[in-house]
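Notes follow once the structure below has been shown.
Order of appearance sets the numbers: ligands from 1, and atoms from 1 within every ligand. What you are looking at is a predicted structure, and each value in this text was computed from that prediction instead of being measured.
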Amino acid sequence: MARSFVEITDLTADEIWEVFDLCKKMKSGEIAPKPFDGKTVGCIFHKASLRTRISFETGIYQLGGQSLYITEKEIELGKRESIHDAAKVLSRYLSTIMIRTFDHQDVLDLAKYADVPIVNGLTDLTHPCQIMGDYFTLLENKEKRDDFKIAYVGDGNNITNSWLNLASRIPMKFYIGTAAETGPDKAILKKAQDAGISEIKLTTDPDEAVADADVIYTDVWASMGQKNQADEKARILKAYQINSEMLKKAKSDCLVMHCLPAERGKEITDEVMDGPHSVVFDEAENRLHIQKALMLHCMGG
Ligand code: CP
Ligand code: NVA
């Protein structure tokens, strides 16, 4: 089995720091490796994307390769033929495969059967590239410490789950402020708590979540594939909006993060998103750099 990146927990803590280091060197231009010279990387998309698609395609080009945009329409993954057979065939053409899809199990199966690295570009369960890039953004903005308080407020979703996975490798205080019915994945939460690396708290009180936080993070209240629940979630999660009042409860130099796309006026106000604490566009930029580092890591560094 090739070295894939399906979960942040596929990496040890040391490997996570190695990836951040690689990322820093590539972003600064200190190194500019071309491991994909003459090679093709497949990018499978079963959901919409701006950042992931464009940053992967640009990053693959910068690493010397060509990218191939593949949608459900072409390959009908798991329908026209089994994931096993598709994985075996794709591995004969491609150097690495990035996939964004619904069912997390499909990505695990692809990684199991492929002979080349598989990179998770978001599933219903996790979004690991995003959170690696976000932590890198945090490190760019603050002195390295192992006790940042990260407050995630809003829907407990794939972003929350990936933060939990990072918290099971790197020490932090990770507080989730969400309603009783919108919590994160229970198994991932338990695993992160059992790892004993970080202080992890789930609360329905947004004030408790953001008190003295170094970072306040949010995401859309209804993720892709759940847009039919948007009104219901907006009703349940109203109290978790990041606005100026909420910001006053965090540290005075706290960062505001959002993976984007945002639904301005719902989970975050314009004032905060465009305000001095916001690093949302740095996060978007860092997707490019972190994914290059992650692909390089999968290929052996
Ligand atoms: N943050 C993120 O993954 O954005 P896209 O859905 O536009 O790729
Ligand atoms: N939770 C969001 C993240 C988008 C990058 C979604 O899955 O739609």
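If you chain together hydrophobic residues whose side chains sit under 4.5 Å apart, Ile159 and Val256 never meet in one group. Residues Leu138 and Met273 fall into different hydrophobic clusters, defined by Ile, Leu, Val, Met, Phe, Trp and Tyr side chains chained together at heavy-atom separations under 4.5 Å.
In terms of protein heavy-atom proximity, atom 3 (C) of ligand 2 is closest to Asp219 OD2, 3.5 Å. Ranking the protein heavy atoms by distance from atom 8 (O) of ligand 2 puts Met224 N, 2.8 Å first. Looking from atom 7 (O) of ligand 2 to the surrounding protein, the closest heavy atom is Asn158 ND2, 2.8 Å. In terms of protein heavy atoms, atom 2 (C) of ligand 1 is closest to Arg287 NH1, 3.3 Å. Among protein heavy atoms, atom 7 (O) of ligand 1 sits closest to Leu50 N, 2.6 Å.
Separation of atoms CD1 (Ile131) and CG (Asp134) is listed at 4.5 Å; rounding is to 0.5 Å. Taken from CG in Asn158 to CG in Leu122, the straight-line distance is 5.0 Å, to the nearest 0.5 Å.
In terms of N/O distances under 3.5 Å, ligand 1 is approached by Cys259. For Lys47, no nitrogen or oxygen atom sits less than 3.5 Å from a nitrogen or oxygen atom of ligand 2, counting backbone and side chain alike. Not a single N or O atom of Met224, backbone or side chain, sits closer than 3.5 Å to an N or O atom of ligand 1. Residue Ser223 has at least one nitrogen or oxygen atom sitting less than 3.5 Å from a nitrogen or oxygen atom of ligand 2, judged on distance alone. Of the N or O atoms in Val220, none lie within a sub-3.5 Å distance of an N or O in ligand 2. Residue contacts with ligand 2: Arg100 is placed with no nitrogen or oxygen under 3.5 Å of a nitrogen or oxygen of the ligand (distance criterion only). The shortest N or O to N or O distance between Ser49 and ligand 1 is below 3.5 Å.
The part of Leu260 lying near ligand 2 is the backbone, judged by heavy-atom distances below 4.0 Å. Only side-chain heavy atoms of Arg100 come within less than 4.0 Å of ligand 1; its backbone N, CA, C and O stay farther off.
Across Arg51, His127, His258, heavy-atom proximity to atom 3 (O) of ligand 1 is greatest for His127.
In the model, Gln62 has a side-chain atom that pairs as donor or acceptor with a side-chain atom of Lys292 under 3.5 Å. Using a 3.5 Å distance cut-off with no hydrogens or angles, the side chains of Glu74 and Thr71 do pair a donor with an acceptor. For the residue pair Asn165 and Lys191, no side-chain donor N or O sits within less than 3.5 Å of a side-chain acceptor on the partner.
The closest approach between any non-hydrogen atom of Thr52 and ligand 2 is not below 4.0 Å. Ligand 1 does not have Leu122 within reach: every non-hydrogen atom of the residue lies 4.0 Å or more from it.
The shortest heavy-atom contact between Trp221 and Tyr240 is CZ2-C, 4.4 Å.
Using a 4.0 Å cut-off to heavy atoms of Gln130, the atoms of ligand 1 that qualify are 1 (N), 2 (C), 3 (O). Per-residue contacts place Leu122 under 4.0 angstrom from the following atoms of ligand 2 (heavy atoms of the residue considered): 3 (C), 4 (C), 5 (C), 7 (O).
Tested against Asp214, the residues Lys142, Lys173, Arg145 include a single salt bridge (charged side-chain N to carboxylate O under 4.0 Å, His left out) partner, Arg145.
A cation-pi geometry, defined here as NZ or CZ lying under 6.0 Å from the six-membered ring centre and within 45° of its normal, does not hold between Lys88 and Tyr113. Geometric assessment of Lys149 against the ring of Tyr175 yields a positive cation-pi assignment under the 6.0 Å and 45° thresholds.
Between Tyr135 and Trp17, the ring planes are perpendicular. Angles over 60° get that label, and only those under 30° would be called parallel.
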